[in-house]
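I have placed the structure first, in the form of structure tokens, so that the comments after it can refer back to it.
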Amino acid sequence: MLVYPSSIDLSSRTLRHLTEQLTIRQQEIGTRWRRLPAGRQALLVLAHLRCGDTYAQLASGFGIGVATVYRYIREAIEVLAALAPTLAKAMETAQTKAFVILDGTLLPIDRIAADAPYYSGKHKRHGMNVQVLTDPFGRLLWASPALPGSTHDLTAARSHGIVDALAAAGLKCWADKAYQGAGRHIRVPFRGRRLKRWKRRHNSSHAKIRCVGEQAMATLKGWRLLRKLRCSTNRITDVVKAVLVLHHAST
């Protein structure tokens, strides 16, 4: 395989953060020797998550085996996922904000037509449903565990406890029409085609506020691995949490 130099559009702060966490991990388990030091392992993991490089590409580029690449990536993702903020912690942060924005996204996966639970009729493709909370400026606060793509956004929000958490915290939340009926704390636009003028104005102002949350979706999709996940669906939640932790480390 041909090897060529490449780049990762992340700050050195992100690399240092992951290197520190991997160093702590190695000290905890008493690792004496590895094919790659913690800094090189961190660089490998970032190339996989940010650029979507495959195991074979990384094995060739770093001069190690594919099985070793798999172990290094899995270890780093588990370390990062353990640092991800919980919903309760996100609510504490959100209470310092004027309001939050709730939205759902579908992370595409490589599944076949027989995997009906993972097929989203809305997006016409297989994927995993992830709920995201952002602040008024579109900055990521929290990302939910991944559910099969056929799960409706409102159902996902309720099953994760987002609706109850927002009500308990008394937080105002802006969301799209998919969350109709979630409760008075979650504000959604009016539905229908022939709306009165004041309702259309309300929908217009609502859309201007909610569209800021799309920045968070763009932030997630900026990590190319999330554009087409080929790993087990059981690992996707940890991958999303790892990306969230790295995003917070870089900002």
Notebook entry, point to check: Which heavy-atom pair separates L244 from A143 by the least distance, and what is that distance?
Noted result: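 What the structure gives for the nearest pair is CD2-N, 3.7 Å.
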Next item on the list: Determine the minimum heavy-atom distance between L154 and A178, stating which atoms define it.
Entry: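 That closest heavy-atom pairing would be CB-O, 3.5 Å.
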Next item on the list: Might you work through the ring-ring contact (aromatic ring centres under 6.0 Å, His included) test for H126 and Y119, ending with a clear yes or no?
Entry: CA-CA 4 Å; H126 293 82; Y119 185 77; 5.1 Å; yes
Next item on the list: Might you work through the side chain to side chain contact (heavy atoms under 4.5 Å, CB included) test for I64 and Y72, ending with a clear yes or no?
Entry: CA-CA 11 Å; I64 57 178; Y72 282 177; 4.2 Å; yes
Are [X] and [Y] within salt-bridge range, i.e. N to O under 4.0 Å?
{"X": "D9", "Y": "R50", "result": "yes"}
{"X": "R74", "Y": "E78", "result": "yes"}
{"X": "E75", "Y": "R34", "result": "yes"}

Can you measure from [atom1] ([X]) to [atom2] ([Y]) and round to the nearest 0.5 angstrom?
{"X": "H17", "Y": "Q21", "atom1": "NE2", "atom2": "CD", "value": "4.5 Å"}
{"X": "L166", "Y": "F99", "atom1": "CG", "atom2": "CZ", "value": "13.0 Å"}
{"X": "K89", "Y": "W142", "atom1": "NZ", "atom2": "CH2", "value": "15.5 Å"}

Donor-acceptor pair, side chain of [X] and main chain of [Y], under 3.5 angstrom:
{"X": "R35", "Y": "G63", "value": "yes"}
{"X": "T237", "Y": "A146", "value": "yes"}
{"X": "H48", "Y": "D53", "value": "yes"}
{"X": "S205", "Y": "H202", "value": "yes"}
{"X": "R13", "Y": "T251", "value": "yes"}

Margin query: Is any side-chain heavy atom of L49 closer than 4.5 Å to one of L226?
Written below: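 Side chain of L226 against side chain of L49, heavy atoms only: no contact under 4.5 Å found.
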Check: Can you check whether L87 reaches H160 side chain to side chain, under 4.5 Å on heavy atoms?
Finding: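 Answer no - side chains too far apart.
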Check: Should we count CZ of R125 as having more than 12 external heavy atoms under 6.0 Å?
Finding: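 No, because the 6.0 Å sphere around CZ of R125 holds 12 heavy atoms or fewer from other groups.
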Check: Would the number of heavy atoms belonging to other residues, nucleotides or ligands and lying under 6.0 Å from NZ of K221 be above 12?
Finding: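 Atom NZ in K221 is packed in, count exceeds 12.
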Margin query: Could you walk me through whether T134 and Q215 satisfy the side chain to side chain contact (heavy atoms under 4.5 Å, CB included) test, starting with their C-alpha distance in whole Å, then the side-chain angles of each, then the deciding distance to 0.1 Å, before giving a yes or no?
Written below: CA-CA 9 Å; T134 67; Q215 297 178 17; over 6 Å; no
Margin query: Can you confirm whether the side chains of T155 and H152 place a donor and an acceptor under 3.5 Å from each other?
Written below: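 Checked: T155/H152 side chains show no N/O donor-acceptor pair below 3.5 Å.
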Check: Is there a donor in the side chain of R200 and an acceptor in the side chain of S204, or the other way round, less than 3.5 Å apart?
Finding: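 Not at all, the side chains of R200 and S204 share no donor-acceptor pair under 3.5 Å.
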Note to self: Between V69 and I73, does the side chain to side chain contact (heavy atoms under 4.5 Å, CB included) criterion hold? Intermediate values first, please.
What the structure shows: CA-CA 6 Å; V69 172; I73 291 175; 3.7 Å; yes
Next item on the list: Using the ring of F190 (Phe, Tyr or Trp, six-membered ring only), decide whether K199 places NZ or CZ under 6.0 Å from its centre and within 45 degrees of its axis.
Entry: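 Judged by the rule (NZ or CZ under 6.0 Å from the ring centre, within 45° of its axis), K199 counts as positioned above F190.
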